[in-house]
Amino acid sequence: MSKKLSRQFYNRATIDVAREILDKQIVYNSPNGKLSARIVEVEAYIGEGDPACHASRGKTKRNEVMFGKAGFAYLYLIYGMYNCLNFVTEKDGFPSAILLRAAEPEEGIDIMLQNNFKKESSKLLAGPGLFCKAFGLTREQNGLDLTNEELYLESRNNNKVEIVETTRIGISDGKELLGRFYDKNSKAVSKR
DNA sequence: TGAATGATGCGCT
DNA sequence: GCGCATCATTCAT
C-alpha cells in the first residue's frame, strides 16, 4: 500500500528530502484522469546562497512560492515553451526547492501520450519539460498544496534504489555544487 | 554520434 | 532587451 506524504516530509533539510524522494510516486488527478509516475531524478536548489537557485537574487513574484511553507508546488515557464515542476522544502521563509527532472510512467500512460504524442513511453517523462508536458502541468498549477488531493506524492514499498549523486545540469553558476540525485538503474533518466 | 542552434515567453535589469 | 533549472533538429565529423 502506498501512503500520501505529509507536510512534515517536505519540512526538512532539502538534501535529505531529495535523496528520499527518489522512488516515490507522484500522483496528479488531472481533468482528463488520474496520472502517476515513479520519480527517478531530482535536483536540489537551496537558499539564497546558492547561485543557481532562483531565490539567490531575492524574492520576486515569480519565485515567491519557494519562500513559503514546505509542501507546495513551484511551477514556472522556462525558455518560453517548457514548464518545470519543483517541490518546495524547508521552513517558511527559507527559499529552497527540489526540481523534478525525470520519472517513469505508471498510471494514465494513454493520457500522457495524448499530451505529448509521438513518443515512446519509456522516454515520456525523461526531462523536466517533458514531464510537465506529459502531465499537462503549467504555471497555472503554481502554488498547489501537495497535501491536497489534486497533486501529491505517495511513498511506496521500497525497492532498493541505487542512488547516484552528481553535479547539476543546465545551469551556469554553482555547477560545482552537488545536488542532483538519480536512480542508477532507471532508463528514464535524462541523458543523451 | 556529438556539438551547435533555433524556438519562444516572461520577468528582471 | 537579455537571459533562462529545455528540447528537437540540423550540421559536422
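All values derive from a computational prediction rather than experimental measurement.
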Contact class for Gly80(A) (heavy atom, under 4.0 Å): base, sugar-phosphate, or nothing? base
Rounded off to whole Å, could you give me the [atom1]-to-[atom2] distance for the [X] and [N] pair?
{"X": "Lys59(A)", "N": "dG11(B)", "atom1": "NZ", "atom2": "P", "answer": "16 Å"}
{"X": "Tyr45(A)", "N": "dA5(C)", "atom1": "OH", "atom2": "C1'", "answer": "4 Å"}
{"X": "Ile98(A)", "N": "dA5(C)", "atom1": "CD1", "atom2": "P", "answer": "18 Å"}
{"X": "Leu75(A)", "N": "dA5(C)", "atom1": "CG", "atom2": "P", "answer": "15 Å"}
{"X": "Asn142(A)", "N": "dG9(B)", "atom1": "CG", "atom2": "C1'", "answer": "16 Å"}
{"X": "Ile78(A)", "N": "dC12(B)", "atom1": "CD1", "atom2": "P", "answer": "13 Å"}
{"X": "Asn63(A)", "N": "dC4(C)", "atom1": "CG", "atom2": "C1'", "answer": "14 Å"}
{"X": "Leu177(A)", "N": "dA5(C)", "atom1": "CG", "atom2": "C1'", "answer": "14 Å"}

Short N-O contact, Arg156(A) and Glu106(A), less than 4.0 angstrom: yes
Is any NZ, NE, NH1 or NH2 atom of the basic residue among Arg168(A) and Asp50(A) found under 4.0 Å from an Asp or Glu carboxylate oxygen of the other? yes
[N] OP1/OP2 closer than 4.0 Å to side-chain N/O of [X]:
{"X": "Arg62(A)", "N": "dC4(C)", "value": "no"}
{"X": "Thr60(A)", "N": "dC12(B)", "value": "yes"}
{"X": "Arg180(A)", "N": "dA5(C)", "value": "no"}
{"X": "His54(A)", "N": "dA5(C)", "value": "yes"}

Measuring from the side chain of [X] (C-beta onward, heavy atoms only), which nucleotide among [options] has the closest atom?
{"X": "Leu77(A)", "options": "dA5(C), dT6(C), dG9(B)", "value": "dG9(B)"}
{"X": "Arg57(A)", "options": "dC10(B), dT13(B), dC7(C)", "value": "dT13(B)"}
{"X": "Ile171(A)", "options": "dA8(C), dA5(C), dC12(B)", "value": "dA5(C)"}
{"X": "Met66(A)", "options": "dC7(C), dC12(B), dA5(C)", "value": "dA5(C)"}
{"X": "Tyr82(A)", "options": "dC10(B), dT6(C), dA5(C)", "value": "dT6(C)"}

Of Leu22(A), Asp183(A), Leu125(A), the residue whose pairing with Arg38(A) passes side chain to side chain contact (heavy atoms under 4.5 Å, CB included): Asp183(A)
With nearest nucleotides of DNA chain B determined for Arg139(A) and Met81(A) from heavy-atom distances, which residue corresponds to the more 5′ nucleotide? Met81(A)
Looking at Asn63(A) and Gly58(A), would you say the former's side chain and the latter's main chain have a donor-acceptor pair under 3.5 Å? yes
Are more than 12 heavy atoms, taken from residues, nucleotides or ligands other than Lys4(A), located less than 6.0 Å from that residue's NZ atom? yes
Base partner of dC10(B), which must satisfy Watson-Crick or wobble distances under 3.5 Å: dG3(C)
What does dT13(C) pair with, Watson-Crick or G-U, if both distances are under 3.5 Å? none
Within the modelled atom types, does a donor on one side and an acceptor on the other bring the side chain of Tyr79(A) and the base of dA7(B) under 3.5 Å apart? no
Side-chain heavy-atom pair Leu5(A), Glu20(A) within 4.5 angstrom cut-off: no
Using heavy atoms to find the nearest nucleotide of DNA chain C for Phe131(A) and Ser172(A) separately, return the residue whose nucleotide is more 5′. Ser172(A)
